[in-house]
Amino acid sequence: MLSAIACMVLSVNLYYGATDYTTGGQVTQLQSFLQTQGYFPYQPVGRFGPATYAAVRKFQIAQGIRPVTGGVGPITRGVINQTLCGGNPVPPPIPVPSTPVIYSVSPSQGAVGSTVTIVGAGLSGENTIMFDGMTAVRGVQAVNGRLTFTVPEYLQPYCPPGAYCLLYVVQTQARAYTVTVQNQSGTSNAAMFTVTTGTQAQPLSITGLDAPAQLPLGSTGTWTVRVNTTSANLRYSVVWGDEYLHPAIMAPGSTQVQTSASFSHSYAQAGTYTPTFTVTDDSGRSVSTGATVTITPLY
């Protein structure tokens with residue numbers, strides 16, 4: 001098998017998700033090489049998946065290649081080519097990139113949606129901005145040693161290459177975060193950034209309830225709840241007092257805040273009732289209010 005791939009030259013970088021179709025058959029060549037070295041105990045399939053990723057990492061560790069990325073960049077390609085062809089690696093060896101370094105974060109605080117610049121070194125290629133180890137912004141390109149990004153509304157837990165992770169997001173809160181930068185060279189030192197106004201920063205409160213104090217039996221009344229919040233998604237529910245919980249009414253899923261909602265109801269029996277209205281925001285907080293209404297009989 002070794003002679004079949006003797007003096008193989010990998011001419012493109014190979015990373016998770018690459019296929020023979022997009023690389024001119026070089027994924028199969030890589031897998032054949034890893035197989036002869038004892039790192040890939042499978043038949044080549046021409047797709048760079050989890051097994052290939054793990055095999056490349058083992059090869060990098062054994063060869064002292066740093067950082068250990070699981071991808072085949074210029075350095076790993078050079079070592080593979082040198083192993084098979086001898087002499088100088090192809091392409092020529094290049095210095096191992098330094099781990100990214102953060103010199104400063106400016107400004108050091110800001111609201112969701114504000115623009116932030118990171119100044120540092122080793123920020124070549126695509127960079128991922130992390131907040132407390134969670135992914136904030138992907139694919140940020142460095143310009144003159146600077147990364148510029150917008151503080152996001154949501155953060156996503158980190159999912160390593162080759163892993164299968166449940167995709168979900170959490171809201172960016174108004175608090176201090178540890179900021180790091182990740183790229184193909186590794187993870188940077190940590191700097192601090194404080195989010196001054198996040199999606200959960202403002203309180204949730206009911207500012208008013210327009211409600212009838214008295215209604216004739218069988219007539220329909222209207223109740224309007226007024227809310228103070230910055231949340232983009234509010235859920236309203238009401239217990240009328242003459243039945244069990246009505247289904248929750250949900251505000252449209254948009255960036256506009258629905259700060260009021262109106263409900264209509266009629267009572268089938270005379271008496272005094274206290275309908276209770278509950279508002280829940282997208283961070284799980286809820287507030288309630290109620291007002292007494294007297295239903296007078298028809299004579």
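No side-chain donor-acceptor contact under 3.5 Å links Thr207 and Asn228. A donor and an acceptor atom, one from each side chain of Thr180 and Thr187, are nowhere located under 3.5 Å apart. No side-chain N or O of Thr280 forms a donor-acceptor pair with one of Ser286 less than 3.5 Å apart. Side-chain atoms of Ser11 and Gln26 form a donor-acceptor pair, as typed in the model, at a separation below 3.5 Å.
Using modelled atom types, one side-chain atom of Asp20 and one backbone atom of Val27 make a donor-acceptor pair closer than 3.5 Å. At distances below 3.5 Å, not a single donor-acceptor pair connects side-chain atoms of Thr22 with backbone N or O atoms of Ala18. Gln60 contributes a side-chain N or O that, together with a main-chain N or O of Gly70, makes up a donor-acceptor pair within less than 3.5 Å. Ser219 contributes no side-chain N or O that, together with a main-chain N or O of Leu215, makes up a donor-acceptor pair within less than 3.5 Å. Side-chain N or O atoms of Gln35 include none that pairs as donor or acceptor with a backbone N or O of Pro44 at under 3.5 Å. Of the possible polar contacts, none joining the Ser185 side chain to the Thr99 backbone as a donor-acceptor pair under 3.5 Å is found. Checked by atom type and distance alone, the side chain of Gln184 never pairs as donor or acceptor with a backbone atom of Gly125 at under 3.5 Å. Between the side chain of Asn183 and the backbone N or O of Gly122 there is at least one donor-acceptor pair closer than 3.5 Å.
The side-chain heavy atoms of Val293 and Ile295, taken from C-beta on, include a pair separated by under 4.5 Å. Using a 4.5 Å heavy-atom cutoff, the side chains of Asp210 and Arg226 are in contact. Asn189 has its side chain within reach of Val101: a pair of non-hydrogen atoms, C-beta onward, lies under 4.5 Å apart. Looking at heavy atoms from C-beta onward, Glu126 lies out of side-chain contact with Thr128 at the 4.5 angstrom threshold. A heavy-atom distance below 4.5 Å is not found between the side chains of Thr19 and Phe48. Thr148 has its side chain out of reach of Val143: every pair of non-hydrogen atoms, C-beta onward, lies at least 4.5 Å apart.
Tested against Val72, the residues Leu34, Val79, Leu14 include a single side-chain contact (heavy atoms from CB on, under 4.5 Å) partner, Leu14. Just one residue in the list Thr194, Asp132, Thr196 forms a side chain to side chain donor-acceptor pair (under 3.5 Å) with Arg175, and that residue is Asp132. Between Val151 and the choices Val116, Ile129, Thr115, the side-chain contact (heavy atoms from CB on, under 4.5 Å) rule is met once, by Val116.
The same ILVMFWY cluster, assembled from side-chain heavy atoms under 4.5 Å apart, contains both Val279 and Phe263. Hydrophobic clustering (side-chain heavy atoms under 4.5 Å, transitive across Ile, Leu, Val, Met, Phe, Trp, Tyr) groups Tyr42 together with Tyr16. Val12 and Ile75 fall within a single hydrophobic cluster, where Ile, Leu, Val, Met, Phe, Trp and Tyr are joined by side-chain heavy atoms under 4.5 Å apart, directly or via other members. With hydrophobic clusters built from ILVMFWY side chains whose heavy atoms lie under 4.5 angstrom apart, Val105 shares a cluster with Met134. Hydrophobic clustering (side-chain heavy atoms under 4.5 Å, transitive across Ile, Leu, Val, Met, Phe, Trp, Tyr) groups Val195 together with Val170.
Residue Tyr39 holds its OH atom at 15.0 Å from OG1 of Thr52, rounded to the nearest 0.5 Å. Atom CD1 of Ile102 sits about 4.5 Å away from atom CD1 of Ile118, to the nearest 0.5 Å. Interatomic distance, Ile65 CD1 to Thr76 OG1, rounded to the nearest 0.5 Å: 4.0 Å. In this structure, Thr28 OG1 and Arg47 CZ are separated by 12.5 Å, a value rounded to the nearest 0.5 Å. From Arg77, atom CZ reaches atom CD of Gln82 across 14.0 Å, with rounding to the nearest 0.5 Å. Here CH2 of Trp240 is found 6.0 Å from OH of Tyr267. Values are rounded to the nearest 0.5 Å.
If you look at Tyr53 and Tyr15, their ring centroids are not closer than 6.0 Å. Between Phe33 and Phe59, the distance separating the two ring centers is shorter than 6.0 angstrom. Proximity of the aromatic rings of Tyr236 and Trp223 is defined here by a centroid distance below 6.0 angstrom, and this criterion is not met.
Counting all heavy atoms, side chain and backbone alike, Gly186 lies closest to Pro100 at O-CG, 3.5 Å. The shortest heavy-atom contact between Thr220 and Ser266 is OG1-CB, 3.9 Å. Taking each heavy atom of Pro297 and Leu217 in turn, the nearest pair found is CA-CB, 4.3 Å. The nearest pair of heavy atoms linking Gln171 to Tyr177 is O-OH, 4.4 Å. Nearest approach of Leu209 to Gly290, heavy atoms of both residues: CD2-C, 3.9 Å. The shortest heavy-atom contact between Phe193 and Phe131 is CD2-CZ, 4.3 Å.
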**OP:** Would you please test Gln37 and Gln63 for side-chain contact (heavy atoms from CB on, under 4.5 Å) and show each step?
**Re:** CA-CA 12 Å; Gln37 300 297 305; Gln63 296 293 322; 5.6 Å; no
**OP:** Step by step, work out the side-chain contact (heavy atoms from CB on, under 4.5 Å) result for Thr278 and Val287.
**Re:** CA-CA 6 Å; Thr278 300; Val287 289; over 6 Å; no
**OP:** Could you walk me through whether Gln43 and Val45 pass the side-chain contact (heavy atoms from CB on, under 4.5 Å) test, one step at a time?
**Re:** CA-CA 6 Å; Gln43 289 300 315; Val45 294; 5.6 Å; no
**OP:** Please test Thr135 against Leu155 for side-chain contact (heavy atoms from CB on, under 4.5 Å), starting from the C-alpha separation and ending with a verdict.
**Re:** CA-CA 6 Å; Thr135 301; Leu155 306 173; over 6 Å; no
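In Arg146, the CZ atom is not crowded: 12 or fewer heavy atoms of neighbouring residues, nucleotides or ligands sit closer than 6.0 Å.
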